[in-house]
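Here is how names work: the chains are called A, B, and so on, in the same order as the sequence lines, proteins then strands, and each is numbered from 1.
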2 protein chains.
Amino acid sequence: MALNNPTLETPVTTADKVFDSMLHAIVDGKIPAGSKISEPELAKQYEISRSTLREALNRLEKCHLIERKANVGSRVVECTIESLLEIYIVRESLEGMACRQAAIHMTDQEINEMQNMLKQHATAQALKDGIAYYQEEGDLDFHYKVILGSHNKQLINILCGQLYHLVRMYRIQFGMNSPRATRAFDEHSRIIDAIADRDGELAELLMRRHIAASRKNIEKKITQLNSDS
Amino acid sequence: MALNNPTLETPVTTADKVFDSMLHAIVDGKIPAGSKISEPELAKQYEISRSTLREALNRLEKCHLIERKANVGSRVVECTIESLLEIYIVRESLEGMACRQAAIHMTDQEINEMQNMLKQHATAQALKDGIAYYQEEGDLDFHYKVILGSHNKQLINILCGQLYHLVRMYRIQFGMNSPRATRAFDEHSRIIDAIADRDGELAELLMRRHIAASRKNIEKKITQLNSDS
DNA sequence: ATTCGTTAGATTGTCGACAATTAGGCTTTG
DNA sequence: CAAAGCCTAATTGTCGACAATCTAACGAAT
């Protein structure tokens, strides 16, 4: 699956491999959110020098997965609701624009591939709710394809290179196997239609609504949780 | 001026200082766009070790000012028209959203300050076109305030921490003292009005038009240049 | 008892040297 | 003469050690 390596660059240097390894560890919560990172300890754990580790830490910082303070050290970012909602705000605007650009710049072949992908998701969804996991992965795949379809390097870099690791982190750590599965599927379908029609304005509108709906869904859950307590 | 230090963190470590120094050098074109970066040479020039230099290079890469390839080295990014237009696409969506959020989250005091700033720009513009430079700086100040007004850390980080260095780089190296000065001022004014009215939808629309107008202005210039040749 | 200053320990920042990889010129061969 | 392969030089990646800085525990003074 291409998700794990969005930059499409196969890791070549050892710092690359450690970065990949830590990326997964953080996203999956094996290195807990908010925890402090001890350079000597991790260096020993990965059996590398501190220089190499620091190189990996720098790349993690580029993905906003860790934060560094001078002369103090690094921490894994905290998973707060506020932060999650902020990310959805950014996604709403950026992916909306990516969708508009995709309607302009995607090739017919790319559109075809995306339509086929959605059909696969449809059949996969037939063996239903049993595993909502596939739907989640499918959702990410869909968004990825749209973003890449924008053919805008800046957009792709920000969304795929930085933001999406955070999105995955939140999804996993908050255990968000969204109950919006079937509705999300319909929304995806209409977005592709708009792209296929080369209707950039509609495509952007639909994508923004799609993401805003997810955000509001999260907000609703939160207020429910708060009223429960 | 806060522009030079958008993260508001005073440089403390020597890598910080070298980063700051190189940031200016690249933005101002003293280190030419597209040029290769020799680590040993620059380390000697700044009288630091290669480790420290590489730390600075990592931060420059975070700003998308240089690009690295494994086992090959670093280059300053090229200033291409395509890239500039891509950046404006990103700005249009992100700053549009920032503006919408600013209409929601800005405090009355912040709005007041921005209105006062605009008045200053108005009088400064009275001693007119003589120096369009001030208008340019004023433009950046305006956009900065709006972005900060969104109170969204993700937005602020992407726009102020990463994209705006690139924007300044293009402005300086392409010598863009836009002829849109007076029109831009009017547009700024209406955007602030919308924010003061807490009309997020309108504020976003106006900001997107404002930036799209700049982009189209650039596109027009380019086609003119091409037809001249 | 609380607050402040001091000190010891640990952690981060910086350095110079070595190993791995690449780029370009040179030789060799068809 | 052109093209392929090798080899040298330079550059990047990695390492371990030292210096600067911060954290926290301890003790002294009010």
Side-chain angles (χ1 to χ4, degrees), chain A residues 5 7-26 31-78 161, chain B residues 5 7-26 31-78 161:
Chain A
N5 193 14
T7 55
L8 302 181
E9 296 160 9
T10 39
V12 39
T13 177
T14 62
D16 280 329
K17 294 168 194 163
V18 173
F19 164 70
D20 266 27
S21 181
M22 289 189 69
L23 177 66
H24 283 97
I26 291 176
I31 302 178
S35 65
K36 184 164 180 349
I37 286 177
S38 162
E39 292 184 4
E41 184 184 328
L42 271 183
K44 197 165 56 179
Q45 190 170 327
Y46 284 98
E47 294 179 328
I48 56 176
S49 84
R50 262 184 62 225
S51 316
T52 305
L53 179 72
R54 282 163 70 88
E55 178 70 32
L57 292 183
N58 267 315
R59 304 195 197 168
L60 289 171
E61 197 185 1
K62 276 174 212 155
C63 304
H64 304 263
L65 286 172
I66 70 172
E67 290 169 346
R68 281 176 63 193
K69 267 193 210 168
N71 289 318
V72 173
S74 313
R75 306 194 79 90
V76 180
V77 293
E78 302 256 13
Chain B
N5 193 15
T7 54
L8 301 179
E9 295 159 10
T10 39
V12 39
T13 176
T14 63
D16 281 329
K17 294 168 194 162
V18 174
F19 164 72
D20 267 26
S21 181
M22 290 190 69
L23 177 67
H24 284 97
I26 291 176
I31 301 178
S35 64
K36 182 161 183 355
I37 286 177
S38 163
E39 292 183 4
E41 183 185 327
L42 271 183
K44 197 165 59 182
Q45 190 171 325
Y46 283 99
E47 296 178 327
I48 56 176
S49 84
R50 263 184 61 224
S51 317
T52 307
L53 179 72
R54 282 163 70 88
E55 178 71 31
L57 291 183
N58 267 316
R59 303 197 196 167
L60 290 171
E61 198 186 0
K62 274 174 214 156
C63 305
H64 303 263
L65 286 173
I66 71 173
E67 289 169 346
R68 282 177 62 192
K69 267 192 210 168
N71 289 317
V72 173
S74 313
R75 305 193 79 89
V76 180
V77 293
E78 301 257 13

Looking only at dT14(D), dT11(C), dG13(D), the nucleotide nearest the Arg68(B) side chain is dG13(D)

>> Using OP1 and OP2 only, check whether a side-chain N or O of Lys36(A) sits under 4.0 Å from dT12(C).
In response: yes

Output for pair (Thr52(B) OG1, Arg54(B) CZ), nearest 0.5 Å, gives 11.5 Å

What protein N or O atoms touch nucleotides 16-19 of chain D N or O atoms at under 3.5 angstrom, if any, and at what distances?
{"from": "dG16(D)", "atom 1": "O6", "to": "Ser51(A)", "atom 2": "OG", "distance (Å)": "3.4"}

Correct closest heavy-atom pair for Ser74(B) and Arg68(B) would be OG-CG, 3.1 Å

| task | Step by step, work out the side-chain contact (heavy atoms from CB on, under 4.5 Å) result for Met22(B) and Leu42(B). | result | CA-CA 10 Å; Met22(B) 290 190 69; Leu42(B) 271 183; 3.5 Å; yes

Phosphate OP1/OP2 of dC15(C) contacted by Thr52(B) side-chain N/O (<4.0 Å): yes

Whole-Å distance, Lys69(A) NZ to dT21(D) C1', equals 15 Å

Among dT14(C), dG13(D), dT11(D), the one nearest any side-chain atom of Arg54(B) is dG13(D)

To the nearest angstrom, the CD-P distance between Glu39(B) and dT22(C) comes to 15 Å

Counting any heavy atom closer than 4.0 Å, what does Ile37(B) reach on the DNA or RNA strands: base, sugar-phosphate only, or nothing? sugar-phosphate

Check the pair Glu41(B), Lys36(B) against side-chain contact (heavy atoms from CB on, under 4.5 Å), reporting the backbone distance first and the verdict last. CA-CA 11 Å; Glu41(B) 183 185 327; Lys36(B) 182 161 183 355; over 6 Å; no

Whole-Å distance, Glu55(B) CD to dG13(D) C1', equals 15 Å

Whole-Å distance, Ile66(A) CD1 to dT12(C) C1', equals 13 Å

When rounded to whole Å, the CG to C1' distance for the pair Asn58(B) and dT12(D) reads 13 Å

Glu61(A) and Ile66(A) have their tightest heavy-atom pair at CG-O, 3.6 Å

To the nearest angstrom, the CG-C1' distance between Leu53(B) and dG13(D) comes to 14 Å

Rounded to whole Å, the CG-P distance (Leu42(B) to dT11(D)) equals 12 Å

Rounded to whole Å, CD of Glu61(A) lies from P of dG13(C) at a distance of 10 Å

The residue among Thr14(A), Val12(A), Asp20(A) that forms side chain to side chain contact (heavy atoms under 4.5 Å, CB included) with Asp16(A) is Val12(A)

Between Ala56(B) and Val18(B) the two heavy atoms that sit nearest each other are CB-CG1, 3.9 Å

DNA chain C nearest-nucleotide lookup for Val12(A) and Ser38(A): closer to the 5′ end is Ser38(A)

- Query: Looking only at side-chain N and O atoms, does Thr14(B) come under 4.0 Å of OP1 or OP2 in dT14(C)?
  - Reply: yes

Winner on side-chain proximity to Asn71(A), out of dG13(D), dT11(C), dG13(C), is dG13(C)

